[in-house]
Number of protein chains: 2
Amino acid sequence: MKLPIDEIDRKILRFIQADSAQSMVELGDRVGLSASACHRRLKALEERGFVAGYRAVLNRSKLGLSMQFFIELSLTSQSDKTFEAFERAVRDIPEILECHLMAGQSDYILRVVCQDAAAFERLHRELVARLPGVARIHSNLSIREVKEWSSLPV
Amino acid sequence: MKLPIDEIDRKILRFIQADSAQSMVELGDRVGLSASACHRRLKALEERGFVAGYRAVLNRSKLGLSMQFFIELSLTSQSDKTFEAFERAVRDIPEILECHLMAGQSDYILRVVCQDAAAFERLHRELVARLPGVARIHSNLSIREVKEWSSLPV
DNA sequence: GATGAAAAATCCCTCCT
DNA sequence: AGGAGGGATTTTTCATC
């Protein structure tokens, strides 16, 4: 498995991160290659595992999910059992979009979305606070996304 | 502009969030519709603004960007000038993938990625700490992503 | 080994029922 | 909403450098 990727490969990765719905002709034009050469390179990049997948990005506010929070929380114990039970439960709550195990004082950071303050209260009281092993919760409201959906720097 | 979307529309949105590279035949099968009917619905959803775009998701670790941080920071003043200068600068730093204006004690939360500890030190010292108007910085390392790339609950 | 051009296979998208 | 058709696009083949 050859590891290095050249500047053209990086361009391809940059462009498909920004927009994966363009045709091979367009993509080829942008990177200075024919459609077939560009296609071959993209397939090779996929084959080598550089592309995790292709996804549609939805309009959150259009779906009524205009509130977003980062929730920091700690667990009552550091045992594997506690962590595993917590993580399993997290994965089953669709409003929790992300969950990070953190170094530092807070054990976890969650990113959650919801429709309004009432929905957040319900989400907080009935789901997050009841996650197994939760000791301390601190919620932070995102007022505005200054920068979002940014591409990875390749 | 008609607002309500039905259960089939929601299914379409769910599936294209998880994988936008499937054909209309596949997608139609999953939602219980013919390819042409499914195509019509998807185009209508795009037309009405439910789809913000289509993107490739890359493999971070494969690109050597295996470290991820959430950086909380406050600014020295609450003036519009300070905020604008800060936000403009943030948008120009590719390692900063996201930036949220927050309610609560910290003014902003950034999500950044980098290759290793050395790269983070450089990023922190030479870019983040020098952002205009920065008063206080607190960095949090994400040890592991328990849940990531989760679809919006539609 | 990688490229571009052209062929083959597939898919998108419109029209019609 | 489903099906069929034409047109575009993807994907493979092949000659060339």
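In what follows, chains carry the letters A, B, and so on, assigned in the order in which the sequence lines appear, proteins first and then strands, with residues in each chain numbered from 1.
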Expressed in angstrom and rounded to an integer, what is the separation of [X] atom [atom1] from [N] atom [atom2]?
X       : N      : atom1 : atom2 : value
B:Glu26 : C:dT10 : CD    : P     : 13 Å
B:Met24 : D:dA8  : CE    : P     : 18 Å
A:Tyr54 : D:dT10 : OH    : P     : 11 Å
A:Lys43 : C:dT3  : NZ    : P     : 16 Å
B:Leu27 : D:dA1  : CG    : P     : 13 Å
A:Leu42 : D:dT9  : CG    : P     : 17 Å
A:Glu7  : C:dA2  : CD    : P     : 17 Å
A:Gln22 : C:dC12 : CD    : P     : 17 Å

Can a donor-acceptor pair under 3.5 Å be found between the side-chain atoms of A:Arg40 and the base atoms of C:dA2?
no

Can you find an N or O donor on one side and an acceptor on the other, under 3.5 Å apart, linking the side chain of B:Ser34 with the base of D:dG3?
no

Can we call the ring centroids of B:Phe70 and A:His100 under 6.0 Å apart?
yes

Closest non-hydrogen atom pair, B:Ile96 against A:Ser150:
O-OG, 3.9 Å

Residues A:Phe86 and A:Pro132: closest non-hydrogen pair is CB-O, 3.7 Å

Would you classify A:Ser36 as touching base, sugar-phosphate or nothing, given that sugar-phosphate means primed atoms plus P, OP1 and OP2, and contacts are heavy atoms under 4.0 Å?
base

What nucleotide, of D:dG2, C:dG4, C:dC11, holds the atom closest to the side chain of B:Ala37?
D:dG2

Please lay out, stage by stage, how A:Asn140 and A:Ser142 fare under the test side-chain hydrogen bond (donor to acceptor under 3.5 Å, both in side chains).
CA-CA 7 Å; A:Asn140 306 280; A:Ser142 166; over 6 Å; no

D:dT10 phosphate, OP1 or OP2, under 4.0 Å from A:His39 side-chain N/O:
no

